[in-house]
Colleague: 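The structure follows.
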Number of protein chains: 2
Amino acid sequence: MILGTPSLSPDREHQDTKGRILEVAERLFMEHGFSATSLRMITGEAKVNLASVNYHFGSKEALIEAVFNRWLAPLNQERLTQLSRLETQKEGEPLTVEQIIDAFVMSALRMGEDHSGTGMIFLRLLGRAFSDPGSGVRSLLAKQYSDVVTRFKRALAKALPNLPEEEIVWRMHFMFGTMAYTNAGMDAIQLISSCNAANPQDQATILKRVTKFLVAGFKAP
Amino acid sequence: MILGTPSLSPDREHQDTKGRILEVAERLFMEHGFSATSLRMITGEAKVNLASVNYHFGSKEALIEAVFNRWLAPLNQERLTQLSRLETQKEGEPLTVEQIIDAFVMSALRMGEDHSGTGMIFLRLLGRAFSDPGSGVRSLLAKQYSDVVTRFKRALAKALPNLPEEEIVWRMHFMFGTMAYTNAGMDAIQLISSCNAANPQDQATILKRVTKFLVAGFKAP
DNA sequence: GTCTATATGTGGATAGAC
DNA sequence: GTCTATCCACATATAGAC
């Protein structure tokens, strides 16, 4: 429980001020980006006073950090836990690529499904944050991701002993990109593809597609 | 020659006002995002008068559109040309997945290398634009990409007859994500991976890695 | 076409009453 | 902790001289 993780209660309008701000900010940041979202928009929708943001968080920048800290740490913790679980299970033998990618991708799904869908919004916000340089979030991401990168890199190196480490790092980079974009641009696909195929489907199906795509990519010679 | 495509002359400080604005805007939008980049920053660096932006473009929004129109149309035209060239060559027989992905990815490289590296900056900006909703650029992207999507989808469907069309669309979506992120987040990899592996390399090598990764992904069962 | 000056709005942040 | 009122920096945009 890091920073006022919201209760699962459906009537969120009775939450405390701090929690309401976090929840609305999360959504608006996702919809409009960080700099295009004003504190007035946030406090307006959250029906709290403008000054309360600075009272509770100190600054807009600090609010952004708080939004991230609330979800990112648990998400990456879950990823590490899943990986550890698999490694214990196999007792030193290398995991399969499928298992590793699955641990990475499906942790996101699990977090998204928890908390009655609120986590899903964060996933999409996370996608945006990776490509948003003007928010100071990037350095935060680096810290939060460093353990995950290290551990997954090691696991993948064991699973793919013929692949140079450099290649593995790049492919992980591609994986982050695919994940980020898939989450953030879920609405872009309709714009781009302009076909009735890829319609709003449940995240589970999409992530299974992603996993298959990524596993094949990692296994490329 | 759509909107003042810059000359290849190295001393750009002698360009005309409109061209200088476009060039600086392109870079600053990429570095800071659209809404975080003010016209003052642009005109300051371009050493032109503030009012000249509105004189030449009408508004900031129109400037953003101009920046995109300058490069995106030629890029996608190149992609279509490459695809057509291959199809003519094969006379009706399906292309290989490698050829198709290569036509898509390497057109970007070719454009990036042209114009003494200026195009590269645009590629990274393009990556940002996909995940930046607050700029009205998205609908522009949809229009500019629609032909490319249609043609490449058809080619891929012929190359992968066993793959449902829906799956193809999704994998194209993943491809866009990988490309967008790879271009935009080239600096993020150092933050994230915190290892000496993936260092500033030439774009060509990186795009070859991407291509291999993507081809394998598309070929996944 | 280019400049100065300015109109007009909105941003984040804060002081101080309650 | 919450509110009103306000400060001040900076945004886009434009009017009008040159």
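Side chains included, hydrogens not; waters and symmetry mates left out as well; all remaining heavy atoms used. Just so it is clear, the model here is predicted, and its values are computed rather than measured. Protein chains get the first letters and strands the later ones, always in sequence-line order, with residue 1 at the start of each.
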Colleague: Please determine whether a side-chain nitrogen of the Lys or Arg among B:Arg27 and B:Glu45 lies less than 4.0 Å from a carboxylate oxygen of the Asp or Glu.
Modeller: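 So B:Arg27 pairs with B:Glu45 through a salt bridge.
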Colleague: Considering only NZ, NE, NH1 and NH2 on the basic side and carboxylate oxygens on the acidic side, decide whether B:Glu65 and B:Lys60 come within less than 4.0 Å.
Modeller: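 A salt bridge is absent here (no side-chain N lies under 4.0 Å from a carboxylate O).
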Colleague: What are the two closest non-hydrogen atoms of A:Ala25 and A:Leu63, and how far apart are they?
Modeller: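 That closest heavy-atom pairing would be CB-CD2, 4.1 Å.
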Colleague: Got a salt bridge between A:Glu166 and B:Arg209, using NZ or NE/NH1/NH2 to carboxylate O under 4.0 Å?
Modeller: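 A salt bridge is present here (some side-chain N lies under 4.0 Å from a carboxylate O).
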Colleague: Using a cut-off of strictly less than 4.0 Å, decide whether B:Thr17 has a side-chain nitrogen or oxygen near OP1 or OP2 of C:dT2.
Modeller: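 True: B:Thr17 side-chain N/O within range (under 4.0 Å) of C:dT2 OP1/OP2.
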Colleague: Provide the full list of salt bridge (Lys or Arg N to Asp or Glu O under 4.0 Å) pairs with a residue in residues 46-56 of chain B, sequence neighbours left out, each pair given once.
Modeller: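 The answer is none; no pair qualifies.
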Colleague: I need the NE2-C1' distance between B:His32 and D:dA11, as an integer number of Å.
Modeller: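 In whole Å, D:dA11 C1' lies 16 Å from B:His32 NE2.
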Colleague: For the pair made of CD1 in A:Ile21 and P in D:dT2, what is the distance, rounded to whole Å?
Modeller: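 Those two atoms, CD1 and P, are 8 Å apart.
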Colleague: Hey, what are the protein-to-nucleotides 9-14 of chain C N/O distances that come in under 3.5 Å?
Modeller:
unit_1, atom_1, unit_2, atom_2, d
C:dG11, OP1, A:Ser38, OG, 3.3
C:dG12, OP1, A:Leu39, N, 3.3
C:dG12, OP1, A:Lys60, NZ, 3.0
C:dG12, OP2, A:Leu39, N, 2.8
C:dG12, N7, A:Arg40, NH1, 2.8
C:dG12, O6, A:Arg40, NH2, 3.0
C:dA13, OP2, A:Lys60, N, 2.9

